[in-house]
Number of protein chains: 2
Amino acid sequence: MRISQLAERTGVPVHTLKYYLREGVLQPGTPTSRTSADYGEEHVERVRLVRALVEHGGVPVAGVRTIVEALEAPPPSRHELLGTAHCTLAGPGGDEGPGEVVADLLEGLGWRVWADGPFAAALGRAVEAARAAGAPLSEDVLRRYAEAMRAVAEVDLDLALAAGSPAEAMHRVVVGTVMVDPVLLALRRVAQEAASAERA
Amino acid sequence: MRISQLAERTGVPVHTLKYYLREGVLQPGTPTSRTSADYGEEHVERVRLVRALVEHGGVPVAGVRTIVEALEAPPPSRHELLGTAHCTLAGPGGDEGPGEVVADLLEGLGWRVWADGPFAAALGRAVEAARAAGAPLSEDVLRRYAEAMRAVAEVDLDLALAAGSPAEAMHRVVVGTVMVDPVLLALRRVAQEAASAERA
DNA sequence: GACACTGGAGAGTGCCACTATCCATCATGG
DNA sequence: CCATGATGGATAGTGGCACTCTCCAGTGTC
C-alpha cells in the first residue's frame, strides 16, 4: 500500500505520516522505487499506536520514539522485562532518592521494590507536590491508596504474563501502562460518584 | 505585602504573577494607592495552588480559572458538592453517551452513577482508545480495575467528609482529584515492581 | 509527454505558558 | 523638590511542540 492509502486507512494526513517517518516513530516502508515505498498492516498498527500514545496518552513524540525502539529491540528475559519497560517509560528523569516519606511507606508495606528507581523518585515528587497544594496525604491514607493500586498491579501482571511471546508481553506492558492510566483515572471519578451515592 | 515580596515568598517571578492576575487565577490584592496593592497569606496559598495545578497537575491556566472560581463560589450542599466539583474539573466535554461497554460494566457492578455524566463518557473514550492501541481490556479485566478504583474512591470520600467546612471539603475534592492522580499512577508502577518481584 | 503522486527537507502555523518592554503613576530619599 | 525606583497596566515577543505547508526532483500512469 502507498502512503496515501496508509493515510486513508488510518485517517492521518499524509503530511503527518511524513512527519512521523522523519521523527522515527513510523518505520519506513519497503522501497519499490526511488520515489515510492510499500506499507503493510504493521504500519497501520504502528500509526494507531502512535496516535493513541500521543493523543490519549499525552506522550511527546520524542518519547514515542524511545518506546517504539524498545518494542523493536530483542525482548529481554521475562524477569527484566518490567524493569526495561519502566526505564523506557520513565525516560532520563532525575536521579535523586525517593525521600523519607516514600521510603517509610514502602518499608511499612513490605514491598520489595527498586527504592532508588525512577518511579519511587517520581512517587516522592508527586506526594510532595500534592502536599504543597494542600492535599491531606497522611501516611495512613497513602498506605490505603497503595494497597488499592497493588490490586491494580496484580491485574497488570496477570495480563502481561498471559501474553504468548516476550515481545507481546513487552507490548502489553507498555501499552497497558500508558493507555490504561486514563481508564483508571476515569474509573476513579465514576467510583467516587458511586460511593457518594451509596453513602447518601 | 507588595507584589515583589509575594514573588520572593513564592519563588514565582513578578512578571508571572502579573500574568496570573490578568488571567484571573490570582485574586487582586487590596489596593493601597493607584500604583500599589497589598497581598496577604491567602495570596501565597493561591499561588502555591496555581503552580501545583499547572506544573504537576497539567491543568491549563484557563482550567485553573474555572477551578478557583468554583472554590470561591458559595459551596453547594454536601450532596451536590461532588457533582459540582466534577463538572468543574471535567470542563465542557462532549455530551455523547458512555458507550455500550461502559454501560454494561456499570450495570454489572451495580454502581448507581450518573450514566450520562462527563466522566462516564470520558471512561468510554479512554477504554476505546486503549483498545485501539492494542490493550486487551476484557470486561472481566475492567471489572477488576473498577473494584480496585472503588477502594481508592472510598479513601477519597473519607478524606472529603472529614473536612471541617463545606468550603474545605470542596477544596479537598478538587485538590485531591487533580493532585493525587499522579500519586496513584506512580504507586501503580511501584506496585507493579513489587508484584513482579514477589512472583519471581 | 502531461499530470498526479512520491519521498525528502526546510520553513511556517497555532497554541500556550510565560517573559520582556514600555509607560504613566506614585513613594521615598537626599 | 526632584531624581530614582517600584508598581500596575497593556502590548508584544519567546520558546517548545505537534503538526502543516511549500517546494523540489524524480517516477508511474494515462
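Order of the sequence lines fixes the chain letters, A, B, ..., with proteins taken first and strands second; residue numbering starts at 1 for each chain.
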With the side chain defined as heavy atoms from C-beta on, K18(B) is closest, among dG7(C), dG9(D), dT19(C), to dG9(D)
Between dT6(C) (P) and L17(A) (CG): distance, integer Å: 11 Å
Rounded distance (Å) that lies between atom C1' of dG7(C) and atom CZ of R2(A): 13 Å
Can you see if the side chain of T16(A) gets near the phosphate of dA18(D) - specifically, an N or O under 4.0 Å from OP1 or OP2? no
Integer-rounded Å distance: dC18(C) P and L21(B) CG: 14 Å
Give the nucleotide from the list dG8(C), dC19(D), dA6(D) with an atom nearest to the side chain of S4(B). dA6(D)
May I have the distance from L6(B) (atom CG) to dG8(D) (atom C1'), rounded to whole angstrom? 14 Å
Under 4.0 Å between a side-chain nitrogen and a carboxylate oxygen: does that hold for E23(A) and K18(A)? no
Just to confirm, is there a sub-4.0 Å distance from OP1 or OP2 of dA20(C) to any side-chain nitrogen or oxygen of Y19(B)? no
What is the distance, to the nearest angstrom, from the CD atom on E23(A) to the P atom on dT20(D)? 14 Å
I'd like to know if the side chain of R65(A) reaches the main chain of V61(A), judged simply by a donor and an acceptor atom lying under 3.5 Å from each other, with no hydrogens or angles considered. no
Tell me yes or no: between the side chains of D140(A) and Y145(A), is some donor less than 3.5 Å from an acceptor? no
When we call it a touch if two heavy atoms are under 4.0 Å apart, what does A62(A) touch: a base, just sugar-phosphate, or nothing? nothing
NZ/NE/NH1/NH2 to OD/OE distance under 4.0 Å, E42(B) and R46(B): no
Here's a test for you: under side chain to side chain contact (heavy atoms under 4.5 Å, CB included), which of D158(A), V152(A), L159(A) qualifies with R144(B)? D158(A)
Looking for any heavy atom pair under 4.0 Å, which part of the strands does V54(A) touch: base, sugar-phosphate only, or nothing? sugar-phosphate
S36(A) side-chain proximity, nearest of dA17(C), dT6(C), dA18(D): dT6(C)
To the nearest Å, how far apart are H15(B) NE2 and dG8(D) P? 12 Å
Just how far, in rounded Å, is P of dA6(D) from CD1 of I3(B)? 13 Å
Ignoring hydrogens and angles, are the base of dG10(C) and the side chain of R22(A) linked by a donor-acceptor pair under 3.5 Å? yes
By nearest-nucleotide position on DNA chain D, the 5'-leaning member of T32(A) and Y39(B) is Y39(B)
Can you tell me how far P of dA17(C) sits from CZ of R65(B), to the nearest Å? 12 Å
Using a heavy-atom cut-off of 4.0 Å across all strands, would you classify P60(A) as base, sugar-phosphate, or nothing? sugar-phosphate
